[in-house]
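Input: a single structure, listed below in C-alpha cells.
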Protein chains: 2
Amino acid sequence: MHLELSTFSGSIKGGIFLKDPATSTLGWSILTNSIEIIDEVGFEQFTFRKLATKMQSTEASIYRYFENKHKLLLYLSSWYWSWAEYNLALRNANLSSPQQKLLHAIEQLASPTKVNYNGMDIGRLYQVIVRESSKAYLIKEVDQLNRNGLFYNYKKFVSILSQLILEIKSGYAYPHMLVTTIIEGIHHQRFFSEHLPSLTDMPLEGESLADFYYSLAMAAINQKTDDLHTSSTILQTLTAE
Amino acid sequence: MHLELSTFSGSIKGGIFLKDPATSTLGWSILTNSIEIIDEVGFEQFTFRKLATKMQSTEASIYRYFENKHKLLLYLSSWYWSWAEYNLALRNANLSSPQQKLLHAIEQLASPTKVNYNGMDIGRLYQVIVRESSKAYLIKEVDQLNRNGLFYNYKKFVSILSQLILEIKSGYAYPHMLVTTIIEGIHHQRFFSEHLPSLTDMPLEGESLADFYYSLAMAAINQKTDDLHTSSTILQTLTAE
DNA sequence: TGTATTTTAATAGTAATACTATCATAAATA
DNA sequence: TATTTATGATAGTATTACTATTAAAATACA
C-alpha cells in the first residue's frame, strides 16, 4: 500500500499555477501550510501574507507559484480530485461489480482515508474541500477558467463515476446529474451535520451518509419506467387521484 | 394575484441588518442595486463602493444598513427564502395532495416566477441565489451566525418541505437530507448546465430539472425496505453475487 | 408652523489586502 | 567556475473595508 501511495503524483493542469508547487519543497510547503490556514480561518480570511508568515517565507515567493489565492484553492481542489481518482482506482482495481465500485466511491467521498501524504494532511484537506471547494467554481470567471481546462480533475472524477452508473444501468439518462448531486450532496450534508444540524437528520457518520446516497443512487437508477413522468403527466396523475 | 403580492413583506431576522432596508427607499435601493451588481460582477468583486456609486449614494450610508457585504448577501438570501415560502403557500393554498404540493415546490425552485416586485427583479435575484447563496453559510463564522438565528428563513423553508415529505411517507427517516439535497442540487445543476455542461446531462430546462428531482424524491421515499441496507449488508449482498 | 429628531450626504482618514517591482544572495546546474 | 534559477528582503501602489465627523436635508411631533 505504501509503495503505491508514494508513486502517486497529482496531475494538475498548468494554467492553475505559475510554477508547479509539487516540484519544489517551497511549493509543497505552500500547499500543506495553506490547507492548515484555510482550515483554521476560512478561505475568506486566508491571505498570502498569513501564509508567508506561517511558512517563514515572503509573499513575493508565493506569488511566483500562484497568481492569487483563488488559483491556489483551485489547485488544492484539483489535487484532491486527482488523489480521489487514484485512490479509488487502487481500491477498485481487482473488483468487477460496478455496484460495489460505486459503493466504494461513495464511501470514500463520505469519509476519506485520514492519511498523511508527504506532510499533506488528507483529512484536513477533506475538511477544506467540504467547506471551500465549491467556491473554486461558483464565480464569475468560471467560463474562462473552464475554457482553459482548469476543472479537468473534477470533471474526470465525475466522468468516471458516471461511467460506473452506466455500467450498472446501461442507458440511464442522467448519470452526470446523479453523480454531481451525490458528490455535492455529501459535502453539504457533512457541513450541515456539523454546523446546521436542523438541515440534516441525526448525527450522520460517514458510513450512514454513504448508505443514504448509495440507496438514493440505486433508487434513482432502478426506478421503474412507470415512475418517470414529465411534469404534465405527473400533474395529470395527481389531479386524477 | 397582484393584491396578494403587494401584501407580502419578507420577515427577516434583526441581527442580519443594522437598520432594516425594507423600511426605507434608500434601504430598498440598496437591495435592488446590490442584486444587479452581484449578478454582473460576482460576489467577490462586489464592493460597497461600487454599490454606492451606482446608487448615487455613499459608502457610509450603506454601512448604516449592513455591517458588511456578507450580511447583505445573507439578507438577500433570507429575503429570497421568505419570498419562496410565501409564494409556495399561495400556490398550494387550496390543494390537499402533498405530492402535488411537493411537485409545485420543486418546480418553483427549478424555475421561479420572473416577476418584478417593487423594483426587485426576482429572476435576477434567483440568478444570484444560484451562484452565491451557499457562500452565505459556507464560512468559518457559520456557528455564531446560526446561534443568532440568522439562517431562520432557509431552515423554515426546508422544514416546510420536510413536512410535506413526511405527509407523503410518514416515518421516512431522512426528510431534511432529502430536501437539502434537492434544493442545493437544483441550484448546482442550474449553474452547471450554464457553465460546466459536462457535469450535467443535456441542456436542462427548468421543467425537466424539476422532473428529475421530483422523480428522485419519489424514488427515495418509496424505496422498498429491501433496498435499504447498511454498508455491511450491501457489501455482503454484492460479494454474494 | 416651528422645533427637535432622525436620516442621509460629504468628506476625510486608517489599517489591511492584493498585488508589482527591484535588487541581493544563495543554491543548483552546466 | 560561470551561469542560470530560486528565494529572500524590501519597498511601493491601488483598492478594500471599514470608522469618524460634520453638515444638510427630510421627517416627526407638539
Side-chain angles (χ1 to χ4, degrees), chain A residues 14-34 36-38 40-76 119 132 135-136 139-141 144-145, chain B residues 14-34 36-38 40-76 119 132 135-136 139-141 144-145:
Chain A
I16 294 183
F17 51 77
L18 299 171
K19 176 174 157 58
D20 191 345
T23 62
S24 74
T25 25
L26 187 75
W28 194 253
S29 170
I30 290 175
L31 300 181
T32 58
N33 283 286
S34 64
E36 288 185 28
I37 302 182
I38 294 173
E40 278 161 26
V41 305
F43 185 65
E44 285 73 20
Q45 311 305 319
F46 167 73
T47 64
F48 278 1
R49 177 173 298 262
K50 285 175 185 165
L51 178 56
T53 304
K54 186 183 172 78
M55 290 172 61
Q56 310 213 71
S57 178
T58 62
E59 280 184 80
S61 297
I62 298 164
Y63 275 107
R64 270 183 217 106
Y65 284 85
F66 293 105
E67 278 176 68
N68 51 51
K69 68 174 184 173
H70 178 264
K71 286 281 176 73
L72 172 48
L73 177 64
L74 194 52
Y75 190 98
L76 292 177
E132 316 290 0
K135 296 171 191 169
I139 50 169
K140 200 65 188 176
E141 317 92 279
Q144 197 193 327
L145 297 175
Chain B
I16 294 184
F17 50 78
L18 299 171
K19 177 175 155 60
D20 191 343
T23 62
S24 74
T25 25
L26 188 74
W28 195 253
S29 170
I30 289 174
L31 300 181
T32 56
N33 282 286
S34 64
E36 288 184 29
I37 301 181
I38 294 173
E40 277 161 26
V41 306
F43 185 64
E44 285 74 19
Q45 311 305 321
F46 167 72
T47 64
F48 278 1
R49 178 173 297 261
K50 286 175 186 165
L51 178 56
T53 305
K54 187 182 171 76
M55 289 171 61
Q56 311 213 72
S57 178
T58 62
E59 281 183 81
S61 298
I62 298 165
Y63 274 107
R64 264 182 228 106
Y65 286 84
F66 293 105
E67 277 176 68
N68 51 51
K69 69 174 183 173
H70 178 264
K71 286 281 176 75
L72 173 48
L73 178 64
L74 193 51
Y75 190 97
L76 293 177
E132 316 289 0
K135 296 170 191 169
I139 50 169
K140 201 65 188 175
E141 317 93 279
Q144 198 193 327
L145 297 176

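Chain identifiers are assigned alphabetically (A, B, ...) following the order of the sequence lines, protein sequences preceding nucleic acid strands; residue numbering begins at 1 within each chain.
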Check: Which residues pass the ring pair (Phe, Tyr, Trp, His ring centres under 6.0 Å) test with Phe43(A), sequence neighbours left out?
Finding: none
Checklist line | Leu18(B) CG - dT7(C) P separation (whole Å) | finding: 13 Å
Next item on the list: Check every nucleotide of DNA chain D for an atom under 4.0 Å from a heavy-atom of chain B, then give the first and the last such nucleotide from 5' to 3'.
Entry: dT16(D) to dA20(D)
Margin query: My understanding is that only residues two or more places apart in sequence, or in another chain, count here; which of them pass side chain to side chain donor-acceptor pair (under 3.5 Å) with Lys54(A)?
Written below: Glu36(A)
Notebook entry, point to check: Going 5' to 3' along nucleotides 10-22 of chain C, which nucleotides have protein heavy atoms under 4.0 Å from the base (write B), which only from the sugar-phosphate (write S), and which from neither (write -)?
Noted result: B------SSBBB-
Note to self: Using whole Å, what does the distance between atom C1' of nucleotide dA9(C) and atom CE of Met55(B) come to?
What the structure shows: 12 Å
Notebook entry, point to check: Are Glu44(B) and Lys135(A) ion-paired here, with the side-chain N under 4.0 Å from a carboxylate O?
Noted result: no
Item checked: Any residue meeting side chain to side chain donor-acceptor pair (under 3.5 Å) with Ser61(A), in chain and number order, not counting sequence neighbours -> Thr58(A)
Checklist line | Listed once per pair and sorted, the salt bridge (Lys or Arg N to Asp or Glu O under 4.0 Å) pairs that draw on residues 57-66 of chain B, sequence neighbours left out | finding: Arg49(B)-Glu59(B)
Check: Residues two or more places apart in sequence or in another chain: which of them pass side chain to side chain contact (heavy atoms under 4.5 Å, CB included) with Asn68(A)?
Finding: His70(A), Lys71(A)
Note to self: Any base atoms under 4.0 Å from Tyr65(A), or only sugar-phosphate, or nothing? Heavy atoms, all strands.
What the structure shows: sugar-phosphate
Next item on the list: Under the side chain to side chain donor-acceptor pair (under 3.5 Å) rule, collect the residues that match up with Thr32(B), sequence neighbours excluded.
Entry: none
Next item on the list: Kindly write out the residues that satisfy side chain to side chain donor-acceptor pair (under 3.5 Å) with Thr47(B), not counting sequence neighbours, or none if the list is empty.
Entry: none
